[in-house]
Number of protein chains: 2
Amino acid sequence: MRIEDVARLAGVSPITVSRTINKSDQVVEETRRAVQKAIDRLGYIPNRLAGSLASTRTRVIGLVISTLYSNIFAITVRGMTDTLLTAGYQLSLGVSNDLLEVESAHVRSFLGQRVDGVCLVGGIHDRLVRRALLQSGVPVVEINNLVSDPIDMCVGYSNEEASFAMVRHLANCGYRRIGLVTAPTENNDRSQARRAGYRRALAQLGLPFADSLIGTAPYTVAQGARAFASILSLNPDLDALFLTQDNAAAGAILEAKRRGVRVPGDIGIAGFDDADIGQEMVPALTTVRTHHYEMGATAARMLLRRIDGGAPPHPVVDVGFEIIPRGSTRPPPA
Amino acid sequence: MRIEDVARLAGVSPITVSRTINKSDQVVEETRRAVQKAIDRLGYIPNRLAGSLASTRTRVIGLVISTLYSNIFAITVRGMTDTLLTAGYQLSLGVSNDLLEVESAHVRSFLGQRVDGVCLVGGIHDRLVRRALLQSGVPVVEINNLVSDPIDMCVGYSNEEASFAMVRHLANCGYRRIGLVTAPTENNDRSQARRAGYRRALAQLGLPFADSLIGTAPYTVAQGARAFASILSLNPDLDALFLTQDNAAAGAILEAKRRGVRVPGDIGIAGFDDADIGQEMVPALTTVRTHHYEMGATAARMLLRRIDGGAPPHPVVDVGFEIIPRGSTRPPPA
DNA sequence: CTGAAAGCGCTAACAG
DNA sequence: CTGTTAGCGCTTTCAG
């Protein structure tokens, strides 16, 4: 079924049907109603492949997130879709599972589909993909970090400063032997920045460092529990652990409970992202709050503005972060 | 940049470039290498809008999941993509947030994009969408439930039997006053089935029922905690609560701890899905295990087979479920 | 406000 | 194994 079938039934030309669908204000009410009736009667669904090929616009934004295991991206995605839908744009979602080649495949696919904009997590991407993006001229926004050399635009927060601030907070609460758990650092600039902030804070505060104080745990409660167990066994004098993901931090709290380690008395635990689980833990989780809804909405707005031909006022937007002290760490001295 | 530019640089015709990209076995090695060199040199990315329009195949499967807040779909998505990628297909992901009209919009968009297959969660869909799907002739598979009247094909498990089995298990462990928390039932046949299984089990076992024993909590730990609190306040004699989502059940365990209610001694808690968090809880969560990876992989395989023109052997596949008893419920009598 | 002609970039079908 | 021809179904001009 084609636009022509609808046109015939409605007694108009194909272009009038097209206008009814896409720019209904250019069609007089009566014609429009007749066309709409024909569309409904036939159950006609326009072929967007053809439409986009002719118009060179898809009204689709491609987003590649790194994981579905952390529900934190749910909020960013809502921020983006809320903004995009209002403007008549759609989101196409890819999941990379933190693999650079999977991200590349998604981006290539997006470019092949001729999306009108692309959103990626972080600043580390395949060299060729970067080139392809630049060459294609599509607006690109990188999120979740402050990228030093963005492909195009960027909205996020400083993972290094956030990590630095949390470690300083822990030290202020009296913790001295502080461990760190992040997602793998390979091709992940957020994890790299969080480690850098941690190291810088330890150095500045004169706190002890050892390789055995650092561990790795992607996204899940179980992995956080294991990371906690392993770091504790290597560092019997550990007195705080900062896991830069709330699920993992929740896992650490649970593992502590299982071992009879008191939190925050024996060991303080801190997380990152202010996910919903943190507030519910017993004790509630001290964390870094970041602003994911705002970040998603801003990313969408920046893309839309660039699509409309304008340059955004700030190519790099910092949405900031806050330290949220809760019961999983000792209170700071008054 | 078009295929013609590549063809000119490589000294061949456009169709040879096309064949190099899509059916490389029909091109002799030497030609293929020359074409590939030209492609790489130019950074050419084929326009799939044009390609799919001409070939009437997109090699894209559309999937609409209900939420990003539960990470349980991550596993299903992996099962699907692992299978699809091998066959050269891609997944396009939509999130409905359990709203029928959002699901409809995604399906319409998929149909407009001319996806080669569609996968939906559950059996309740907009009437017009159902019609559009049928009319379009695209293969459709519904997952996460055993749908009585599938649009086309279905792979899932019986939510009613699973719920029934869990309630019987709880009764067998000596619990009498058993409450239930599900996601909202509106337009959600999984929740409806879980309630039906619960009611049927209570009736069959002669256990007491009251409206106040039933609560609602979508997907999050916090909502599970609140649902637990509210049902307990209405039913001081409550001795078990079955929350049909592991995050919510985890929230109930945490809320119990906060209130000094002992689990499983005072109250037994059970969940659904066997998400990673359940094993880590203290006590570990009794749950219903379902097989999400297998379900995703099977759904993908069924779609691919139908795309290849074959009828699948079974239009409805049951991947089953298992009751996993853990520490959050009392052991059954020996 | 509506229509006619031309073309978006690619691939199916057929030829050689 | 490679090329030619003829569209895929829509929208962009440009007229009226």
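Just so it is clear: chains get the letters A, B, ... in the order the sequence lines come, proteins before strands, and each one is counted from 1. Being a predicted model, the structure only gives us computed values, none of them experimental.
Within the nucleic acid shown, A:Ile15 comes within 4.0 Å of at least one base atom, counting heavy atoms only. Residue A:Pro46 is classed as a sugar-phosphate contact, given heavy-atom separations below 4.0 Å to backbone atoms only. Nucleic acid contact for A:Thr31: sugar-phosphate only, since backbone atoms but no base atoms lie under 4.0 Å from a heavy atom of the residue.
Put simply, CD on B:Gln26 is 12 Å from P on C:dT11, counting in whole angstrom units. One atom, CG of B:Leu49, and another, P of D:dC10, lie 14 Å apart when rounded to the nearest Å. B:Asn47 has its CG atom 18 Å from the P atom of C:dG7, to the nearest Å. Spacing between atom CD1 of B:Ile21 and atom C1' of D:dT2 amounts to 16 Å, rounded to whole angstrom units. C:dT11 atom P lies 12 Å from atom CZ of B:Arg59, rounded to whole Å. Protein atom CZ of B:Arg57 is 15 Å distant from nucleotide atom P of C:dC10, rounded to whole Å. In this structure, CD1 of A:Ile3 is placed 13 Å from C1' of C:dG3, rounded to the nearest angstrom. Put simply, CG on B:Asp5 is 9 Å from P on C:dG9, counting in whole angstrom units.
Within the 4.0 Å cut-off from OP1 or OP2 of D:dT11, at least one side-chain nitrogen or oxygen of A:Ser18 is found. Contact check, A:Thr16 against C:dT2: no side-chain N or O comes under 4.0 Å of OP1 or OP2. For the OP1/OP2 pair of D:dC1 and a distance below 4.0 Å, the side-chain nitrogens and oxygens of B:Lys23 include no atom meeting the criterion. Taking 4.0 angstrom as the limit, B:Ser55 places none of its side-chain polar atoms (N or O) nearer than this to OP1 or OP2 of C:dT11. A close approach under 4.0 Å does not occur between any side-chain nitrogen or oxygen of B:Tyr44 and OP1 or OP2 of C:dG9.
Using a cutoff of 4.0 Å between basic side-chain nitrogens and carboxylate oxygens, B:Glu29 and B:Arg32 are scored as salt-bridged. A salt bridge is absent between A:Asp308 and A:Arg305: the closest approach of a Lys/Arg side-chain nitrogen to an acidic carboxylate oxygen does not fall below 4.0 angstrom.
Within 3.5 Å, a donor on the side chain of B:Arg19 pairs with an acceptor on the base of D:dG3, or the reverse.
Two residues are said to be in side-chain contact when any heavy atoms from C-beta on lie closer than 4.5 Å; B:Arg130 and B:Asp149 meet this criterion.
The environment of B:Arg131 atom CZ is dense: over 12 non-hydrogen atoms of other residues, nucleotides or ligands sit within 6.0 angstrom.
Rounding to the nearest 0.5 angstrom, the gap separating the OH atom in B:Tyr157 from the CE atom in B:Met295 is 5.5 Å.
Comparing atom distances between the A:Ala54 side chain and each of D:dT11, C:dT11, C:dC1 picks out D:dT11 as nearest.
Of the two residues contacting DNA chain D, namely A:Asn22 and B:Leu53, the nearest-nucleotide position lying further toward the 5' end is that of B:Leu53.
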